[in-house]
Amino acid sequence: MGVEGIGASVVRKEDRRFITGRGRYVDDIKLAGMTYAHFVRSPHAHAKVRNIDSSEAMKMPGVIGVHTGKELVEDKIGNLICGWAVSSKDGTPMKMGAWPAMAPETVRFVGQAVAVVIAETKNQARDAAEAVVVDYEELPAAADIRAAIKPGAPQLHPEAPGNVVYDWALGDEAAVKDAFSKAANVVSLELTNNRLVPNAMEPRAAIADYDEAEEHFTLYTTSQNPHVARLVLSAFYNIAQEHKLRVVAPDVGGGFGSKIFIYPEEMVALWASKKVRRPVKWTGDRSEAFLTDAHGRDHISKAEMAFDKDNKILALRVKTHANFGAYMSLFSSSVPTYLYATLLSGQYNIPAIYAEVMGVYTNTTPVDAYRGAGRPEASFLLERLMETAARQLKVDPAELRRKNFITSFPHQTPVIMAYDIGDFGASLDAALKAIDYAGFPARKENARKEGKLRGIGFSCYIEACGIAPSKAVGSLGAGVGLWESAEVRVNPVGTIEILTGSHSHGQGHETTFAQLVAERLGIPISQVSIVHGDTDKVQFGMGTYGSRSAAVGLTAILKAMEKVESKAKKIAAHQLEASEDDIVIENGEFKVTGTDKAIALPMVALAAYTAHNLPDGMEPGLKEGAFYDPTNFTFPAGAYICELEVDSATGKTSFVNFVAADDFGRLINPMIVEGQVHGGLAQGIGQALLEGAVYDVNGQPVTASFMDYTMPRADDLPSFKLSHTTTLCPGNPLGVKGCGEAGAIGASAAVINAITDAIGNNKLEMPATSDRVWHAIHGSA
Amino acid sequence: MYATTYHRPSSVDEAAALFTKGSEAKYLAGGHTLIPVMKQRLASPSDVIDLGKIKDLIGLEVSADTVTIKTATTHHDVAASGPVQRAIPALAHLASMIGDPAVRYRGTIGGSIANNDPAADYPAAVLALGATIRTNKRSIAADDFFKGLFSTALADGEIITQVAFPIPAKAGYSKFPHPASRFALTGVFVVKTKSGDVRVAATGASQNGVMRIAAIEAALKANWSPGALDSVTIPDKGLMSDIHGSSDYRANLIKVMAQRAVAAAG
Amino acid sequence: MSTVKLTVNGKAVSADVEDRTLLVNLLRDHLNLTGTHVGCDTSQCGACVVHIDGRAVKSCTVLVGQADGSNVTTIEGISKGDELHPMQAAFRDNHGLQCGYCTPGMIMSAIDIVNRYGGKLDEDTVRHELEGNICRCTGYHNIVKSVLDAAGRMRVSQAAE
């Protein structure tokens, strides 16, 4: 059965339902008596809500109720929380304004909900929502970071003077200053990390079902972490007690971080379900997704790097402004701090780093974790800076990197992280070989003869995944522990159910997690079911994000498996009248080593459940659980190289080649790993070339549909050339590191480095649209 | 979308009669312009009158001098038509670049030009080729048809029945697609007529919708070659400017797309 | 309200629905064929693609009245019993899907592409032809691979028939 074990590219068990149209997403679910919610949303970026008149709406056909933010206050429904406390460098806690699920007094971004209509049909709810008359008093808006921090800027929250949430710093300022004073060369760069809209293809949706007899709620929701949703909804929002709330995240159509958070819509759906005593369904459309899904990135930064005369890095200084939007979303505070500045050492030996981050409120959609969350911003900044340095110092960009690579492990960076293992030279070598770097000058010359500008760009990223030791994140302000739980149930007939707190919304856990079982027990994956996404079935879990499901979630399964195996071996030994130490598990059998005596797993399982003949004192049954708390982050790393051509007449870029050499540690299913990399690369390339959420000066979104926000299409992207180098992660027994975010973290710098190389102008912001590239070539602004 | 009443007439006269009965009726052919707008609740027709099933309005004919495309003929059917590909290859090429394959199966020429979206492809061909728009009431020359953004010479309730394109000596279309919408960020259609006249139209560029480009026409009339445009400068006055293309960039695209269209035309 | 009659996946169906009902809503809400998805509201993402009279169209941009009398095939109607359509099998075998949300539309569009191009498909053509289908998970790499693989399989299965 090795063909289905660890390292095998097994086709996915879950695919059959998706390719036959039998997936079950939230909007596919219909409950008896279901009603439909439609939200009344602010058309203004900043306004006082003077009055809401729902009298006409209440008369519309099919309308059951219209509810407003004032009622939420009356019912003592809690405001949305931010679950990670970050303090400013002067020690003051972050300054948070209140975020009610529906605004009773003030709206602070276009799309913020002020009321909800519940009706018999979706169309009726939407028709009536238009009849709700909201009297707004418009206020001036601060639509971006620069506008928000200007003296005299419109103020969003009284709690946050100057619109500043925190002014945070990490590192040794004095040591950095000292290093810069001794530098032979200083390289500096200003850059923007453009705001992105996650745009999972399934829009968010929620169905809330209040059972009056049991005083119990069920919430079907598009969540990456249903248990966290239940915890937050019960502990902070006062909607239901935890044991009276079941949260189900069935098939979820992509998340990329945006479905981690607990949003106003599911809160209101639950609350409204109790009000109307019927199930309430809300299905967002794409326009609502653009307005209300947490956006990602949105930094402006200045960075300086000091080099000695041998081109060794002495120090790095970074000052970043991060846009939080109008409210602090669930994990937003951690993204530009502990998930960003802690990665600023990259793959390099940097003796001193000092990073300052100012978090800023603006009248825009809240910003939170989006695939990579902080690490793409760090990687982009550092890798743009390295390329800029190579050009300024007139050295080969690959060799400048190599010269500064960290080569001995463990390595303590000056910004918290302790890298456990890696071989950055190996991945760079693999990438250089894959792209035939030696042949590049000749290719560039040939392209020049054909009138094309050809460029090559590097990105050597590192990320911190598998977040993370609970004690460590707790000491940094996290409101939760980031362990994972698992339960292994061996049924009396020997089939196996794995209950996991991880959540699969495209990652293929139903296959990869089963592969671990196949590897351990030598049974086919068809005998294993993975159960996830339902708080009634799985005891607890922290969900899936931060590339943590293999490193943390799968390790928890392994720990539970070990307990099951240990008990099963005892039973087998008892049945076979052998010593437990002599029992080995092979091909689904428990064998006495060196003999032909064996008992098959189903017989062991049956023995466990009949309990007719168990060792003395043993409990019946064969089911074990485990909680696993990681000992460190994991550190996937790799080298990406992009080769492309630019049409100088139009500024259009065309990929020639994109190679990725990643070190993810052990691969459970290489096919699925590569799929994750492809998707990440597409999002990183999308950020570099195509995507960018834009607001006008009044805070009106300019890019609020696929007509204006450029989603990467098949013809925008190349086929990718992937390879892997391997250093096994010492921090977990499987040696895995995580692969879900790498592409999104590493790709954008490689693309921009390649374009700026091609056009000979280093000043180019993302997204590098044809317009921007053309202007960068031809010099006009 | 708001409530509406759907009608499926079987003749042009029946459609026109239905139109007068509706308080705010709209015609629909493929629906790929109107339905998205209705879904966004930006249009609220009382009645939707489907021209897409009227047999007289579907199909195309190619004679020695003219390609005639009936109003409810889909982009796909124009793009895939062997006779059109032979008579005016640039027109078939243009049709093959509208939207995406699923849109081309439904979208129609009549719907496109009646809407006169400033970034739609067809208006460039209609204007550059000097087509004649025939309606249930009259014939309108292309030069008189387009009246600025989303505006045409069509009277209320008037139905385009067909568009007649004179077959030129040479024609080419080059489009720089809008990266998100895939409409034309700028598209240029160049034509050398059989009488030696040159007509050039650009779409996606002007704040007033499709327009002819006199400077390029003059240069190409003197010398039909991409190089003839090297010294032409297109002013950016009156051109659209947005996050995907500033006005000076669009001015540049007009020239570059024109050069590529000429190269394609041969 | 109007009564519409059409054939869906080979079965005659009839429904009384508001005229503003879109084909995708008829399929999902009235016929419980929830494999056809809605991923945008601007007729761009292609998650809703079905075949009407053999052509791949966006069911979110078709009023039910327009589909009256036509023959509609959805993702639920392309396999023969337990035997997957070659395009479905190719998506599975090439890991052409992750979250699965865009997949039904992708498959329906891809079948149409192969039907139109037959054996003349190459990577560039597939990428261009997939312009109307957006995927956020796969980076399209394995979708393109799946379509090219399926093109070969469909030639073989057509030859066998």
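Naming: A, B, ... by sequence-line order, numbering from 1 per chain. All of these numbers come straight from a predicted model, not from anything done at the bench.
- Only the side chain of C:Leu22 has a heavy atom closer than 4.5 Å to any heavy atom of chain B.
- If you check the side chains of B:Tyr6 and C:Asp68, you find no donor sitting under 3.5 Å from an acceptor.
- Within 6.0 Å of NZ on B:Lys53 lie more than 12 heavy atoms contributed by other residues, nucleotides or ligands.
- At a 4.5 Å heavy-atom cutoff, the contact between B:His76 and chain C is made by side-chain atoms alone.
- Across B:Pro36, B:Ala80, B:Ala3, B:Gly31, the residue that shares the most heavy-atom pairs under 4.5 angstrom with chain C is B:Ala3.
- Looking at C:Gln44, its side chain never comes within 3.5 Å of a backbone N or O of B:Arg182 through a donor-acceptor pair.
- To the nearest 0.5 Å, the span separating OG on B:Ser44 from CZ on C:Arg20 amounts to 11.5 Å.
- The main-chain N or O of B:Thr4 is never found under 3.5 Å from a side-chain atom of C:Glu18 such that the two would form a donor-acceptor pair.
- Top candidate by heavy-atom pairs under 4.5 Å with chain B, chosen from C:Asn133, C:Val64, C:Val57, is C:Val57.
- For B:Leu28, the part sitting under 4.5 Å from any heavy atom of chain C is the side chain, from C-beta outward, and nothing else.
- The part of B:Thr74 that comes within reach of chain C is its side chain, from C-beta onward, which places non-hydrogen atoms under 4.5 angstrom from that chain.
- Among the candidates C:Glu129, C:Glu131, C:Gln66, the residue making the largest number of heavy-atom pairs closer than 4.5 Å to chain B is C:Gln66.
- For C:Val62, the parts sitting under 4.5 Å from any heavy atom of chain B are the backbone and the side chain alike.
- Only the side chain of B:Val48 comes within contact range of chain C, judged by heavy atoms closer than 4.5 Å.
- Taking 4.5 Å as the limit, some side-chain heavy atom of C:Cys60 sits within range of a side-chain heavy atom of B:Lys39.
- For C:Ile52, the part sitting under 4.5 Å from any heavy atom of chain B is the side chain, from C-beta outward, and nothing else.
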- Task: Please lay out, stage by stage, how B:Arg41 and C:Asp41 fare under the test salt bridge (Lys or Arg N to Asp or Glu O under 4.0 Å).
- Result: CA-CA 11 Å; B:Arg41 299 192 164 213; C:Asp41 39 22; over 6 Å; no
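- Both the backbone and the side chain of C:Thr61 come within contact range of chain B, with heavy atoms under 4.5 Å apart.
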- Please report the C-alpha distance between B:Met1 and C:Asp19 in whole Å, then the side-chain angles of each, then the deciding distance to 0.1 Å, and finally whether the side chain to side chain contact (heavy atoms under 4.5 Å, CB included) criterion is met. CA-CA 10 Å; B:Met1 134 177 358; C:Asp19 284 16; over 6 Å; no
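- Side chain of C:Lys58 to backbone of B:Arg106: no donor-acceptor contact under 3.5 angstrom is found.
- Of the listed residues (C:Ala56, C:Ser2, C:Gly132), the greatest number of heavy-atom pairs within a distance under 4.5 Å of chain B belongs to C:Ala56.
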